[in-house]
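Heavy atoms only: backbone and side chains are in, while hydrogens, waters and symmetry mates are out. Ligands are counted one by one from 1 in listed order, and the atoms in each one are counted from 1 as well.
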Amino acid sequence: MELYELSLHEVAKKIKDKEVSIKEVLDSVYSRIDYAEEKVGAYLSLCKERAYRKGELLQERLDRGEDIGILGGVPIAIKDNICIKDMKATCSSKMLENFVSPYDATVITMLEKAGAIIIGKTNMDEFAMGSSTATSYFKKTKNPWDLERVPGGSSGGSAAVVSSDMAFASLGSDTGGSIRQPASFCSVVGMKPTYGLVSRFGLIAFASSLDQIGPFTKDVEDMAIMLNAIVGHDKMDTTSVDLEKKDYTKYLDKNISGMKIGVPRDIINGLKNEEVKKAYFNAIDVYKSLGAEIIDVSLEYMKYSLSTYYIIATAEASSNLGRYDGIKYGYRTEKYDDLLDIYKNSRTEGFGEEVKRRIMLGTYVLSSGYYDAYYKKAQKVRTLIINDFRKAFESVDVIVMPTAPNTAFKFGEKTANPVDMYLEDILTVPVNIAGLPGASIPAGFDQNNMPIGLQIISNAFEEEKIVKAAYAFEKSTEFNKARPSL
Ligand code: GLN
């Protein structure tokens, strides 16, 4: 077995026990990248020199007998919308092609404090808008399970690097499913924490009331470790909550007897993909066999969540992206006579089609005359969706449903009509609308051998319940062990 094939907790232990050096681990993962990146195309940039330098410092500290942290010496990849000082943060957009961040995002400071080594930045949909990573201005990332298919999105690069062993873990961001859906498409573990649990300082904003940073990992134990590293109050983010820190690894417990698992029966019945449904009901059977109690829940307003999401997310995006004016930073057009020209031409040339579509939609729903009919109405429906979940969590510990209605699709399959792409988000967006935590874990394969994910959702700030339910499932099934052959 090669070092790069190990899980995060396995490799961290080998480093700590001095069975392997940090340099050997870096060599192994970079050699894997040399081989696999050409096929998968998941990285936008690598920072080898920086990584080896950090590795040397950590190794010296370890050799002196110091504790180098829970992620001590472990190579980790970062989505390219999260800022790292003196490194590019492009958001996969021409607009930020040459943008170099002057500061570290809080999650980067925290990861590095826990001993992680950043090895590169990953590809994504432009400004995190999309479900395929195909709206990236720079390149296509392929699904390691089938190179003709998308890895999901928008954090497709971060999912693909973990799935193809090009990193032991990665960070992504999830505004409407961008961690969970690619995790599902690539058969890795992906978690979106509760809104406010992980600092967004240094995450380039898409839709601020929905965005949240979270980890991709090879298994649930690693997910708990990554959460331990990145959760915490940050005064630089006004939406960051100040709660007592939990040790999520304490909940890696196979015994879930008596746990109450909610099944939104109406929603499941409405799904069309029989293979996804089959994998889902198989998962329910696994939970039954583990002694969990299966309880039907109703999420009456969930059917409106897609429309609600695409109003709120585009409204916030149109406002957040107003900062790219060709003046302060980012791309500036070469063709202009006056100030208005700079704005107009810079934005026209610097943004891709999907981003422009969202800015137009967002501006429209916020415009006077339409504000009440769309934006205000969407905010009201948002409250109804939140109440739905609140009620459901009075009787269950977690709610489970498939992560995505379908498995990974082929390139170009859903690009003709943008709404086809939006429909893929139907099972993930409600969680962002309600600010709740949700994870996707491997739960099966369809007849094309494409992965199927199981989504586990808990009430706000109860991530430990997700850890528990996910761990018990992982330990009783084999899905997590399968790897793509590249
Ligand atoms: N696919 C969704 C969208 O395009 C979600 C994106 C995200 O979570 N960043 O908006």
Run the numbers for me: atoms of ligand 1, each under 4.0 Å from some heavy atom of [X], listed by number.
X    : answer
G176 : 5 (C), 7 (C), 8 (O)
F206 : 9 (N), 10 (O)
D174 : 8 (O)

Give the ring-plane orientation class for F393 versus F389, where under 30° counts as parallel, over 60° as perpendicular and anything between as tilted.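 Geometry flag for F389 against F393: parallel rings.
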For [Y], is there an ion pair with [X] - N to carboxylate O distance below 4.0 angstrom?
X    : Y    : answer
K303 : D266 : no
K85  : D104 : no
E148 : K142 : no

side-chain hydrogen bond (donor to acceptor under 3.5 Å, both in side chains) with [X]: which of [options]?
X    : options              : result
K79  : S158, S178, S173     : S173
D174 : Q212, R180, K192     : R180
E126 : S136, S154, S92, S93 : S93

Should [X] be listed as contacting ligand 1, given a heavy-atom distance under 4.0 Å as the test?
X    : answer
R358 : yes
A313 : no
Y309 : yes

Relative to ligand 1, is A128 under 4.0 angstrom through side chain, backbone, both or neither, heavy atoms considered?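 It is both backbone and side chain that touch ligand 1.
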Below 4.0 Å, non-hydrogen atoms only: which portion of T175 touches ligand 1? Side chain, backbone, both or neither.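 Both of them.
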State, yes or no, whether a side-chain contact exists between W145 and F185 at a heavy-atom distance under 4.5 Å.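 W145 does not reach F185 side chain to side chain.
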Minimum distance, heavy atoms only, to atom 1 (N) of ligand 1: which one of D425, V429, L210, T135 is it?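 Looking at heavy atoms only, the winner is D425.
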Return the closest protein heavy atom for atom 6 (C) of ligand 1 as residue, atom name and distance.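 Protein heavy atom with the smallest distance to atom 6 (C) of ligand 1: S178 OG, 2.8 Å.
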Please report whether ligand 1 has a polar contact with G130, defined as an N or O pair separated by less than 3.5 Å (distance criterion only).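 Yes; at least one N/O pair falls below 3.5 Å.
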